[in-house]
Amino acid sequence: MTPDLQSQKTRALCELAPVIPVLVVADAARAEGLATALVAGGLPVLEVTLRTPAALDVIREMSRVAGGHVGAGTVLTPDDARRAKDAGASFAVSPGATEQIVRACSDIELPLLAGAVTASEVMRAMEWGYSMLKFFPAEAAGGAKSLKSLAGPLPQVSFCPTGGVTPGNARDYLALSNVICVGGSWISPDADVAAGNWAAIEARAREARALK
Ligand SMILES: O=C(O)C(=O)C[C@H](O)[C@H](O)COP(=O)(O)O
């Protein structure tokens, strides 16, 4: 799958809801309840970071939840991409973009939402064929102001800013012409996941859904 086709697929996913919840889940037993709450709250596209030993099992469990689209986040190596795909991930998210990751995701036909921040990084991703990228770490890299500046010379590229996005600043990003959705971890705080407080997570998902 070429990066161009990957971008079409990640763009279609990003268009499904204004927010992609970024999930760090330590216990696969929580996966089904969490995904069910998020999907019920109107956020069907889920990013499970490969930052916990349970992450691949979490992806496996969440992939069974009807209506969800489960991707793997923190994909840093070709091996991460392969293991994520084998676990059932339907897309991958990386904080950056390297030739190795691009090639691996292309080879295994896993749509990749690759990260870029500077004009040069974005232009290199464009040369590879990408037009839908993650902007990470969004707030630390200049926030909505930086992204707005990129839209001047590079209007053909769209972004999912992630990193420091909150209910307080999400609208500033979502109002930009080159932003389709944002990513963020605020919807599923560790304490609610550990306690199985799905009602609180579903309520937060509903609020996020209404952001755009
Ligand atoms: O692990 C990854 O590859 C990531 O995607 C990093 C995430 O973008 C941030 O961890 C989310 O940032 P916050 O919403 O500020 O917590």
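Side chains are part of it too, since the values below use all heavy atoms of this structure and drop only hydrogens, waters and symmetry mates. Ligands are counted one by one from 1 in listed order, and the atoms in each one are counted from 1 as well.
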### Query
Looking only at heavy atoms, what is the nearest atom pair of Ile20 and Cys181, with distance?
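Reported closest heavy-atom pair: CD1-SG, 3.9 Å.
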### Query
Which residue pairs pass the salt bridge (Lys or Arg N to Asp or Glu O under 4.0 Å) test when at least one of the two sits in residues 120-139, sequence neighbours left out?
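Only Glu47-Lys134 qualify under salt bridge (Lys or Arg N to Asp or Glu O under 4.0 Å).
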### Task
Among residues two or more places apart or on two chains, list those pairs meeting side chain to side chain donor-acceptor pair (under 3.5 Å) that have a residue in residues 103-112.
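Counting only pairs at least two positions apart or across chains, the side chain to side chain donor-acceptor pair (under 3.5 Å) contacts touching residues 103-112 are Glu99-Arg103.
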### Query
Do Asp86 and Arg83 sit within salt-bridge range, that is, some charged N less than 4.0 Å from a carboxylate O?
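A salt bridge is absent here (no side-chain N lies under 4.0 Å from a carboxylate O).
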### Query
Do the charged groups of Arg206 and Glu202 touch, with an N to O distance under 4.0 Å?
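Counted as a salt bridge, because a side-chain N and a carboxylate O are separated by less than 4.0 Å.
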Check: residues 21-32 side-chain donor-acceptor pairs under 3.5 Å, at least two apart:
residue, atom, partner, partner atom, Å
Asp27, OD1, Ala29, N, 2.9
Arg30, NE, Val193, O, 3.2
Arg30, NE, Ala194, O, 3.3
Arg30, NH2, Ala194, O, 2.7

Ligand 1: protein N/O within less than 3.5 Å of ligand N/O:
residue, atom, partner, partner atom, Å
ligand 1, 1 (O), Arg51, NE, 3.0
ligand 1, 1 (O), Arg51, NH2, 3.0
ligand 1, 1 (O), Thr74, OG1, 2.7
ligand 1, 3 (O), Thr74, N, 3.2
ligand 1, 3 (O), Thr74, OG1, 3.3
ligand 1, 5 (O), Glu47, OE2, 3.1
ligand 1, 5 (O), Lys134, NZ, 2.5
ligand 1, 8 (O), Lys134, NZ, 3.4
ligand 1, 10 (O), Arg51, NH2, 2.7
ligand 1, 14 (O), Ser185, N, 2.9
ligand 1, 14 (O), Ser185, OG, 3.2
ligand 1, 15 (O), Gly164, N, 2.7
ligand 1, 16 (O), Ser185, OG, 2.5

